[in-house]
Amino acid sequence: MLQNALVRVPTEDLKRLLALLHRGELQCPLTPVEVTRCGFQIHMDALLGHLRGLEAPAVRAVLTAVLLERQAAQERMPRLV
């Protein structure tokens, strides 16, 4: 499942995860118990596959990079007027 990275995790869920991290409500490094405690068990494989073992600054960096990439991709998409 690693080939999918965090692609299958919805943007809103990544934003919520980042907000929890900023507020100090998400403990790093991530564990299955922590992911479940925060309500993200549906994304357990993706989150632990890429964020397990990382300290808070690294998790923050990864989440920020993914969110910025998604935002840039959205801005590049043609819009119907």
Side-chain angles (χ1 to χ4, degrees):
M1 199 49 82
L2 290 179
Q3 67 271 16
N4 289 327
L6 295 172
V7 171
R8 294 185 184 212
V9 181
T11 299
E12 288 307 312
D13 287 347
L14 293 178
K15 288 179 180 179
R16 283 185 24 235
L17 193 66
L18 185 58
L20 288 172
L21 183 62
H22 282 303
R23 291 192 307 260
E25 297 174 19
L26 179 69
Q27 300 298 312
C28 294
L30 289 180
T31 64
V33 171
E34 185 65 9
V35 170
T36 301
R37 184 186 69 77
C38 292
F40 293 98
Q41 62 273 13
I42 192 168
H43 306 301
M44 181 89 62
D45 290 340
L47 294 174
L48 292 181
H50 295 285
L51 303 175
R52 182 186 295 225
L54 299 179
E55 295 298 329
V59 172
R60 184 176 293 113
V62 170
L63 292 176
T64 300
V66 170
L67 289 169
L68 288 173
E69 284 180 4
R70 289 182 182 189
Q71 180 181 354
Q74 185 73 25
E75 290 171 359
R76 286 190 303 267
M77 292 180 72
R79 297 177 192 252
L80 295 176
V81 183

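Heavy-atom basis, side chains included; hydrogens, waters and symmetry copies ignored.
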- Message: Can you give me the closest heavy-atom contact between V9 and R70, atom names plus distance?
- Response: O-NH1, 2.8 Å
- For C28 and A56 the tightest heavy-atom approach is CB-N, 3.6 Å
- Query: Mind checking whether L21 and M44 sit in one hydrophobic cluster, side chains of I, L, V, M, F, W, Y counted as touching below 4.5 Å?
  - Reply: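 Yes, L21 connects to M44 through the hydrophobic network.
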- Does a side-chain heavy-atom distance below 4.5 Å link L17 with V59? no
- Query: Does some side-chain heavy atom of H43 sit less than 4.5 Å from a side-chain heavy atom of V35?
  - Reply: no
Find the distance between [atom1] ([X]) and [atom2] ([Y]) and round it off to the nearest 0.5 Å.
X: R8; Y: L6; atom1: CZ; atom2: CG; answer: 12.0 Å
X: L14; Y: L47; atom1: CG; atom2: CG; answer: 7.5 Å
X: L30; Y: R37; atom1: CG; atom2: CZ; answer: 10.5 Å
X: Q41; Y: L48; atom1: CD; atom2: CG; answer: 11.5 Å
X: H50; Y: D45; atom1: NE2; atom2: CG; answer: 10.0 Å
X: E34; Y: L26; atom1: CD; atom2: CG; answer: 5.0 Å

- Who pairs with E25 by side chain to side chain contact (heavy atoms under 4.5 Å, CB included), at least two apart in sequence or on another chain? L20, R23
- Note on the structure: So salt bridge (Lys or Arg N to Asp or Glu O under 4.0 Å) across residues 13-22, not counting sequence neighbours, yields E12-K15, D13-R16
